[in-house]
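Encoded as structure tokens, the structure appears first; notes follow it.
Order of the sequence lines fixes the chain letters, A, B, ..., with proteins taken first and strands second; residue numbering starts at 1 for each chain. Just so you know, these numbers use all the heavy atoms, side chains as well, and skip hydrogens, waters and symmetry mates.
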Number of protein chains: 2
Amino acid sequence: MRERVVAACDGASKGNPGPAGWAWVVSDDDERTPARWEAGPLGRATNNVAELTALERLLTAVDPDVPLEIRMDSQYAMKAVTTWLPGWKRNGWKTAAGKPVANQDLVVRIDELLDGRSVEFRYVPAHQVDGDPLNDFADRAASQAASVQEPAGSALGSAQPPPSPDTPKTAGAPRRKAPRTGGTASSRTISAKFPGRCLCGRSYAAGEKIAKNAQGWGHPECRTAEA
Amino acid sequence: MRERVVAACDGASKGNPGPAGWAWVVSDDDERTPARWEAGPLGRATNNVAELTALERLLTAVDPDVPLEIRMDSQYAMKAVTTWLPGWKRNGWKTAAGKPVANQDLVVRIDELLDGRSVEFRYVPAHQVDGDPLNDFADRAASQAASVQEPAGSALGSAQPPPSPDTPKTAGAPRRKAPRTGGTASSRTISAKFPGRCLCGRSYAAGEKIAKNAQGWGHPECRTAEA
RNA sequence: CGACACCUUAUUCU
DNA sequence: AGAATAAGGTGTCG
């Protein structure tokens, strides 16, 4: 059976409500290095709409047959689609205070995308000194998308999102620099002779352009380091 | 009724937290020239403890009957004793996040000093190219006190605090040099025949040494320019 | 009442 | 380029 893929998603809203954005990232096999990512603007929205949208876009972008581990820092978005959703279906989408559940459309849509899929949600705290690198990447990409209100991602050849001013950096300990990713393709691509699965979780068809990465063959934009 | 006196106060903390200092300055009638000032060390403290202490020392040093305009660059210290204090008294000194309010002792002490007094607070931005001269003076005096951890002031015959390296200098426009102040006394002093009020806002008693300044008689250390 | 997130402001600095 | 000291608010749920 295929190895589970690790991903993260996050939302941002400048002013809350205000200019908002979403982002997701699928990791390399080391579960730390961004292999493929995407971010987009939302116009004026709340933080929680942005968080839910990020999850919805991630599930839409990844092959439903691939087992996923999704890391997120929003307990609201995570519990909405896991803990609270069954009760809401039963009680006619009423909150404990008797009011209508907010963002019902997004929650329902995510519920549909989750159907028949293997997804494990995992809460990771935001903005930690030595926190999850994928969550940090998604946080920065979403914040950037919220600010500039422009799409970005590995498929668009975007540069890595800039560091957030509010994300604490690692203390003195020296760290290996993560391999560059996402940017312009540089090594050779070929046409696939057989269909297969990229490390990003999506399959590729025979005849599709693929490139070699450290773990095998896959989408050219999913290359993580030169072979 | 007596004219309002203009003053400024500021704090500094090298490293934050780190060696800290406070300073206040009372202006001449031109509202630009330092007439009387004082600065002191705090040992290891935070920037905000230094800011609040500077305000507390100013209020302690100035006659409570004199109406004051206080200029400061710390919105934290200013709003703490004006905007936020009433709410804190009501809610048992809890922050919006539900945590105990920091530096409560200093805020309470300042609240007591403010009682029955005429004080207008005025925010002035820090480190501006053509910013408030009194705030700049207090900034330099507090920074110096934080560095050397020694008291200073007009009453001690201290020299003017040195310029800060981080304060942007005025662009090309030529400016009149502010009259020298605060340093060693140089012109004649006499014994007051009657009690009176100095321009610094404090009164002097009959028999106390006084000196003539541009606006009249007052404390020798409050002289602003030679007559 | 509690939790998580999104922020906004100012200062202190390094 | 970075971090610490402090406060305020909204979005959402149990």
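Rounded to an integer number of Å, the gap from NE2 of A:His127 to P of D:dA3 is 12 Å. Protein atom CG of A:Asn48 is 12 Å distant from nucleotide atom C1' of C:A3, rounded to whole Å. With rounding to whole Å, A:Phe121 atom CZ is found 17 Å from C:A5 atom P. Rounded to an integer number of Å, the gap from A:Asp73 CG to C:C6 C1' is 10 Å. Remark: P of C:U12 and CG of B:Leu55 are 15 Å apart, rounded to the nearest angstrom. To the nearest angstrom, P of C:G2 lies 13 Å from NZ of B:Lys99. Straight-line distance from the CH2 atom of B:Trp93 to the P atom of D:dA6: 14 Å, rounded to whole Å. Separating the CH2 atom of B:Trp84 from the P atom of D:dG9 is a distance of 10 Å, rounded to the nearest angstrom.
Listed by chain and residue number, nothing satisfies the side-chain hydrogen bond (donor to acceptor under 3.5 Å, both in side chains) test with A:Gln149 (two or more places apart in sequence, or in another chain). When the side-chain contact (heavy atoms from CB on, under 4.5 Å) test is applied to B:Asn16, the partners found at least two apart in sequence or on another chain are B:Ser13, B:Thr46, B:Asn47. The side-chain hydrogen bond (donor to acceptor under 3.5 Å, both in side chains) search around B:Asn48 returns none, not counting sequence neighbours.
Considering only side-chain atoms of A:Thr95, the nucleotide from D:dT5, C:U12, D:dG14 that sits closest is D:dG14. Out of D:dA6, C:C4, C:U11, the shortest distance to the side chain of B:Val49 is found at D:dA6. Comparing D:dG14, D:dA7, C:C6 by their nearest atom to the side chain of A:Glu51 picks out C:C6.
Residues A:Arg57 and A:Thr53 are in side-chain contact: their nearest non-hydrogen atoms beyond the backbone lie under 4.5 Å apart. A heavy-atom distance below 4.5 Å is not found between the side chains of A:Thr60 and A:Glu38.
Put simply, CD on B:Glu31 and CG on B:Leu134 are 8.5 Å apart, with the number rounded to the nearest 0.5 Å.
In terms of phosphate contacts, A:Thr83 brings no side-chain nitrogen or oxygen within less than 4.0 Å of OP1 or OP2 of D:dG14. Taking only side-chain nitrogens and oxygens, B:Tyr123 comes nearer than 4.0 Å to OP1 or OP2 of C:U11. Contact annotation: B:Trp88 side-chain N/O to D:dG8 OP1/OP2 distance is under 4.0 Å.
Side-chain to base pairing of B:Asn47 with C:U11: one donor and one acceptor N or O lie within less than 3.5 Å of each other.
Of the residues in residues 101-114 of chain B, not one places a heavy atom less than 4.0 Å from an atom of RNA chain C. Taking a 4.0 Å limit (strictly below) on heavy-atom distances, residues 6-17 of chain B reaches DNA chain D at B:Asn16, B:Pro17.
Where B:Pro19 and B:Gln75 meet RNA chain C, the nucleotide closest to each residue was compared, and B:Gln75 sits on the side nearer the 5' end.
Relative orientation of the A:Trp37 and A:Phe137 rings is perpendicular, given thresholds of 30° and 60° on the angle between their planes.
Applying the salt bridge (charged side-chain N to carboxylate O under 4.0 Å, His left out) test to residues at least two apart or on different chains, the pairs with a partner in residues 79-107 of chain B are B:Lys89-B:Asp111.
Nearest heavy atom pair, residue A:Ala146 against residue A:Lys14, reads CB-CG, 4.2 Å.
Salt-bridge check for B:Arg140 with B:Asp136: passed, with a basic side-chain N closer than 4.0 Å to an acidic carboxylate O.
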